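All values reported here derive from a predicted model rather than from experimental measurement. Residue numbers start at 1 and run along the sequence shown.
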Amino acid sequence: MMIKIFHLPSCSTCQRIIKELEIQQDVTFQDIKTTPISEADLDKMKASVGSYEAVFSKRAMKYKSMDLKNKNLKELDYKRLILEEYTFLKRPVIFVDNQVFIGNAKSVVAAAKMAIHGA
């Protein structure tokens, strides 16, 4: 089983979720601040959820400071912004084999845990 988690070590929510997943096997962690997300990984995330907007975090402080809510953003704008600025990626993103789990909603975390433990 291949598990890869895109996260920020300084994000308490990411840390809580990683602990909650109770992963026993090898995991690849990618700190999105020190190792930016690749376009290929972002495209894989988009394919899983249907749009770049669904992978985009509107809670990021830069979203407010750049006044993006008052701009008419298109799909390619979301993609460009995520690739340029790590804080725009909704986190954590968990790859379990060919499945992708994005964000911190209870249902998403529960589904990721199920995929990892197969219960």
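A continuous path of ILVMFWY side-chain contacts below 4.5 Å connects V27 to M1, so both sit in one hydrophobic cluster. When the side chains of ILVMFWY residues are joined at heavy-atom separations under 4.5 Å, either directly or via intervening members, V49 and I82 end up in a single hydrophobic cluster. Tracing side-chain contacts under 4.5 Å through hydrophobic residues (I, L, V, M, F, W, Y), one never reaches Y86 starting from F29; they form parts of separate clusters. Under the 4.5 Å side-chain heavy-atom criterion for ILVMFWY residues, a single connected hydrophobic cluster contains both M2 and V100.
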(message) Between R80 and L83, is the side chain to side chain contact (heavy atoms under 4.5 Å, CB included) condition met? List the steps.
(response) CA-CA 5 Å; R80 178 182 51 78; L83 290 172; 6.0 Å; no
(request) Before giving the answer on side chain to side chain contact (heavy atoms under 4.5 Å, CB included), spell out for I3 and T28 the whole-Å C-alpha distance, their side-chain angles and the decisive distance to 0.1 Å. (result) CA-CA 6 Å; I3 302 172; T28 303; over 6 Å; no
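Counting only residues at least two apart or on different chains, the ring pair (Phe, Tyr, Trp, His ring centres under 6.0 Å) pairs with a member in residues 90-116 are F6-F95. Pairs engaging residues 1-10 under the side-chain hydrogen bond (donor to acceptor under 3.5 Å, both in side chains) rule: K4-Q30 [sequence neighbours left out]. Pairs passing the salt bridge (Lys or Arg N to Asp or Glu O under 4.0 Å) check and including a residue from residues 98-111, sequence neighbours excluded, do not occur.
Checking each of E75, K71, K69 against L73 for a side-chain contact (heavy atoms from CB on, under 4.5 Å) leaves exactly one that passes, namely K71.
No side-chain heavy atom of I116 sits less than 4.5 Å from a side-chain heavy atom of K113. The side-chain heavy atoms of I5 and V93, taken from C-beta on, include no pair separated by under 4.5 Å.
In this structure, CG in N72 is found 8.5 Å from CG in D77, a value given to the nearest 0.5 Å.
Partners of N70 under the side-chain hydrogen bond (donor to acceptor under 3.5 Å, both in side chains) rule, at least two apart in sequence or in another chain, are D67. For D97, there are no salt bridge (charged side-chain N to carboxylate O under 4.0 Å, His left out) partners two or more places apart in sequence or in a different chain. Taking the side-chain hydrogen bond (donor to acceptor under 3.5 Å, both in side chains) definition, one finds that Q25 meets it with nothing, sequence neighbours left out.
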May I have the list of side-chain donor-acceptor pairs in residues 54-66 shorter than 3.5 Å, sequence neighbours left out?
residue: S57; atom: OG; partner: R59; partner atom: N; Å: 3.3
residue: K58; atom: NZ; partner: E53; partner atom: OE2; Å: 2.8
residue: K62; atom: NZ; partner: E85; partner atom: OE1; Å: 3.2
residue: S65; atom: OG; partner: K62; partner atom: O; Å: 3.3

Please table the atom pairs, donor to acceptor, closer than 3.5 Å between any side-chain atom in residues 12-23 and protein atoms at least two apart or in another chain.
residue: Q15; atom: NE2; partner: P9; partner atom: O; Å: 3.3
residue: R16; atom: NH1; partner: E20; partner atom: OE1; Å: 3.2

Please list, one pair per line, the donor and acceptor atoms closer than 3.5 Å that link side chains of residues 34-47 to other protein atoms, with sequence neighbours excluded.
residue: T34; atom: OG1; partner: D31; partner atom: O; Å: 3.4
residue: T34; atom: OG1; partner: D31; partner atom: OD2; Å: 3.4
residue: S38; atom: OG; partner: D41; partner atom: N; Å: 3.0
residue: S38; atom: OG; partner: D41; partner atom: OD2; Å: 3.3
residue: E39; atom: OE2; partner: K79; partner atom: NZ; Å: 2.6
residue: D43; atom: OD1; partner: Y52; partner atom: OH; Å: 2.5
residue: D43; atom: OD1; partner: K79; partner atom: NZ; Å: 3.4

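F88 and L81 get closest at one heavy-atom pair: CD1-O, 3.5 Å.
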